[in-house]
Amino acid sequence: MTFVADVRAVLLAAQWFVLLYFIAVNSFYALLLASAVLDLRHHRLVTQDERLTGLLRSRVAPRISVLVPAYREAATIGESIRALLALSYPHLEIVIVNDGSPDETLAVATEQFDLVPIHPVYRRQIATRPIRGLFRSRHHPGLLVADKENGGKADALNAALNLAAGELVCAIDADTLVEPDALMRLVRPFLGDRTVVVAGGTIGVANACTVEHGRVLTVRMPTNPLAGFQAIEYLRAFLFGRVGWNRLGGNLIISGAFGLFRRSAVIDAGGYAQDSIGEDMELVMRLRRKSRERGRPARVVFVPDPVAWTQVPESVAALSRQRDRWHRGLADSLRRHWALLLNPRYGALALVAMPYFVFVELLAPVIEAFGLVNLAAALTFGAINVRFAELFFLAAYGYGIVLTVATIVLEEIHFHRYPRTRDRALALAWALAENCGYRQCTVLWRLRGIVKFLRHRTDWGAMPRRGFAAPKP
Amino acid sequence: MVVVPQRWVSDALLGEIAATLVLCAVLFGHGWLRRWRHGRDQRRLAPAFAALAPVLNAAGAPRGALAPVRRLSPRLLAQFLLQVGASLNSAGRRPLLSIAQRGGLVENATGLARSRLWWRRLEGIRLLRLLGADADLLPSPLRDRECHVRAEAAQWAGECPAPSPALVGRLLAMLADPAGICRFRAKDALLQMGAAVVPELAEHLAAGGTALEDELEVAVGLADPLLLEPALHLVAHPAPRVRALASALLAMIGGPRGTAALQGALADPVPSVRAAAAAGLGQLHHLAAIAPVAQLLRDPAWDVRRAAAMTLREFGPAGLLLLRRALADEDRFAADTARQVLGIPEASV
C-alpha cells in the first residue's frame, strides 16, 4: 500500500510539473504574441503607403550579394536564378556556389545563363575546399557562379562569402523563391545603422502556390495535410515567434533559407561553422556572443514583410529526417555556446533567449513525451482522475490552438496573403487538427534527433526535390 | 488521487472555445469585409480612372469630365492619385497635384502633418511627398521628434528642385542624427540635390564636426572641384577613415595638387588609406606614380597589394610589365597578387 501510495505521489508530482510547464510555456508564447502584435502594429504604421521604389534610385544603398549554395539542384536551379535576377534592388550581385553536385546543376546553369570562365581577384579570408572554376554570365554581369569540390553547405557559403563583393550578404537556399521586393524590405534595418548585423525575413510554404518564371503568382494554403500542418507551423514560428523576439532582444535563429548579414561581421566571426548541423543558428549565436565580448553592439532583427517561399516535405520520411536534423542542429548550437547560459555578462542573450531555447525549444519534446507517458501511468495508478487529464490537455493543446488561431488572424490582418475564404478555412482546419497526431510525430522525431545528437550523428539524409508547380491553364 | 475542481476544467474549456470562436469571427469577418470594401472601392475607382485618361493625355477634356474623381472620398482620392502617380514621371504628375489641391487632399495632408500623433504626421508628409506637393512645410518636419517623420521629410527634401541653403544646412546637420535611417535619408537626399549642396558642404567639411565621414561620402558622390581644398586638408586628418575618404574624394577631383596629396598618402601608416590612395592614382591614370605604386605590391596588407596591382593594370603596358616582373618576386605575396591580377591560374606559375 505504501509503495503504491509513493508511486501515486511521484506520478502526481510529475504530472503537476508537466502541467505547470505547459502553462508557463504557453503563457510565454502569449507574451511573445503580444510583443508581436505591438511590433507588427508599429511596423505597419511606419510602412503604410511606403513606396520602396525610391531605394532603386539611391546611390548610397548598401550593395547586396545573394549567396546560394547549390547541391543537386538541377531541377530547380534555372528557376531559382531567374527569380534572383528579377529581384528589385539597385546594387545586386548573385553568387551561386555549385558544391560539387553529382548531377547537372552546373551544366544547366551554364547553358541557361551563358556562363564564361573568369579569373577575379579575391581574398580567401575563410578556408574552404578548392574552387575548380569561376564563371560569369555574359548576359547578366551580376551573376557569378563558382564550381568547387564538395564540402557541405557551410563550406559552400564560406566560399561564396570569400567571393562576394557586397557590404551585405543574403544567404538563401537554392530552392527558395524570393519575392521581387523582398530585399528592399529586408535591407531597411541596415540603412544607416551599423549596429545591425543580421536581419531575417518570413519563409512561406510554396507547396500549393502556383509559380511562373521563378515567381509565386498565387498563394494557396496546402491541401496536403503534412504540408498544411507545416504551413501553420511556419506562420507561428515567423509571425509571432521571430517578430515577438524583436522586442525581447532575443532573436537567435535567422533562417538559413532567407537571411541578410553584414559581410564584415560574418568574416570577422570566422564564417559558417563547417562541423555544425545548424550552421545558421550557430552563426547568429556566435555573432551575438562575439559582439558582447568585444563590447560592440550587434543587433539581430526580424522583418515581417519580406517573404521567401520554399517547398516543404510532403512525405513522412523526408519530414522526419528534416525535423530530426533541425533538432540536432539546435542541440549542437546550444552546446557550442553553453557557457553563455545565465551568464549576466551576455545580457538578454544569456538571461532570456538561451534559457528559452534550452528549456522550451530543446527540451519540450522530452517533457511532452514524458508528460503523455506519465499521464497514462497516473491514470492507471489512480494518481489523477479524468478531470485532471482534461485539464492537462486543455493547458497543453487547447491553449496552443488558441495561440495558433490568433497567429492566423494576425496574418490576415497584417498581410492578407491568403485572400480566399477556403484558404483561411483550411488554415483553421490544420490548426485544429495538427494536435491530433502530427504534433506527437514531431515530438518523436525531435526526440530521435536528441538521441542522435547524443550519439554524435551528423548526417543530413536525402531531401528529394520536386520542382515548383506550373500554373494551371 | 488529486481532485481538480470541475469548475477549472469547464472554465478553461469555455474560455478556450470562446476565444477560438471570437478569433474565427475576426478571421473570416475581416477577410469578407476587406473583400467587400475592395469591390466597392474598385467600382468607384473605375469611372475615375476612365475620366482621368483624357486629362492626362491633354486631349482637351470637356468641362465636368473630372466629376467622377471629385466624387471620391479623401481616402479613395489619395489611393487613386498615388496609384496613378506611381506610373508617371514628375512632369506627368503635375495634373494630379492640381486635382489633389482642388479635392482638398493637400490641405488634409498638411493638417495631418501637424498632428500630435507621429503616425499621422508621417502619413501627411508621405502623402504630400508622393503627390509632389511644394515643400512649403520643410524644413520644420526635419526637426520632428519622431525619427521616421524626419527620415520621410529628408526624402521629400531630396526631391526639391531648388533647395534653399537653409534646407541644405538642415540636411547636413541631419548627417549627425542619432537615428540611422535619418542619416541614410539625409545622405541620399543630399546626393540627389547635386551641385546645390556643394557650397554648404565645403563649409561643413572645412569646419570639421562629428559627421565628417558621412559628409565626405556625400562629397565623393558629388566630386565638385570646390571640394578640393577641404579634401587636401582632410587627407591629413587624425581619423583613418576620414583620410581614406578624403583620398577617394581627391581621386574623383584630380588635378596636380590632388595627385601630389595622393602620392603622399601612399606612405600612410593605415592600410585602408594606402589602398584608397593607390586606387585613386589608378583612377586618375597618374603614370608618374607608377614606381611608388609598384612598391606597394610588397605591402603587408592584402587590400593595399590588390589596389596597387589593379592600379598597375590600369596604367596599361608599363604597369603590365611591372606586374609580369613581379611574378618572379621573392616576396611570394607580391608574386601571388600579380598572378591573380594577370589572371594566371595558380598551377601555371
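Here is the naming used below: chain letters follow the sequence lines, and residue numbers restart at 1 for every chain. Please read all numbers here as calculations on a predicted model, not as lab measurements.
Proximity to chain B is absent for every atom of A/Y418, based on heavy atoms less than 4.5 angstrom apart. Contacts between B/L342 and chain A at a heavy-atom distance below 4.5 Å are absent for every atom of the residue. For a residue to count as touching a neighbouring chain, one of its non-hydrogen atoms must lie under 4.5 Å from one of that chain's; by this rule B/L122 touches chain A with the side chain only. Using a 4.5 Å cut-off between heavy atoms, A/L55 touches chain B through its side chain atoms alone. Proximity to chain B (any heavy atom under 4.5 Å) is shown, for A/L191, by both the backbone and the side chain. With a 4.5 Å cut-off on non-hydrogen atoms, A/A431 does not touch chain B at all. Contacts of A/T407 with chain B are absent, with no heavy-atom separation under 4.5 Å from either backbone or side chain. In this structure, chain B has no heavy atom under 4.5 Å from any part of A/P189. Only the side chain of B/E159 comes within contact range of chain A, with heavy atoms under 4.5 Å apart. For chain A, the nearby part of B/Q192 is the side chain; its heavy atoms alone come within less than 4.5 Å.
Chain B forms the most heavy-atom pairs under 4.5 Å with one residue out of A/V121, A/D193, A/D49, and that residue is A/V121. Note on B/H148, B/Q155, B/R183: by heavy-atom pairs under 4.5 Å with chain A, the leading option is B/H148. Most heavy-atom pairs under 4.5 Å with chain A: of the set B/E123, B/Q79, B/R126, B/Q340, this distinction falls to B/R126. Among A/A425, A/A395, A/A9, the residue with the largest count of heavy-atom pairs under 4.5 Å with chain B is A/A425. Of the listed residues (A/E50, A/H119, A/R123, A/Q48), the one with the most heavy-atom contacts under 4.5 Å to chain B is A/R123.
Summarising the local packing, NE2 of A/H42 is surrounded by more than 12 heavy atoms from other residues, nucleotides or ligands at distances under 6.0 Å.
Side chain of B/R120 to main chain of B/L112: no donor-acceptor pair is present (N/O by atom type, distance under 3.5 Å, no hydrogens or angles). Under the 3.5 Å distance criterion, the side-chain polar atoms of A/D423 are left unmatched by any main-chain donor or acceptor of A/R220.
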Dump the intermediate steps for salt bridge (Lys or Arg N to Asp or Glu O under 4.0 Å) on B/R121 and B/E146, then the final yes or no.
CA-CA 9 Å; B/R121 294 198 301 277; B/E146 171 58 37; over 6 Å; no
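Between A/R424 and A/E411 there is no salt bridge, since no side-chain nitrogen of the basic residue lies less than 4.0 Å from a carboxylate oxygen of the acidic one. A salt bridge links B/R339 with B/D336: the distance from a Lys NZ or Arg NE/NH1/NH2 to an Asp or Glu carboxylate oxygen falls below 4.0 Å. We find that B/R75 and B/D41 are joined by a salt bridge, their nearest charged nitrogen and carboxylate oxygen being less than 4.0 Å apart.
For residues 9-36 of chain B, the ring pair (Phe, Tyr, Trp, His ring centres under 6.0 Å) pairs, not counting sequence neighbours, are B/F28-B/W32.
Geometrically, A/R41 engages B/W119 in a cation-pi contact, judged by NZ or CZ lying under 6.0 Å from the ring centre and within 45° of the ring axis. Annotation: cation-pi geometry not satisfied between A/R188 and A/F190 (NZ/CZ under 6.0 angstrom from ring centroid, within 45° of ring axis).
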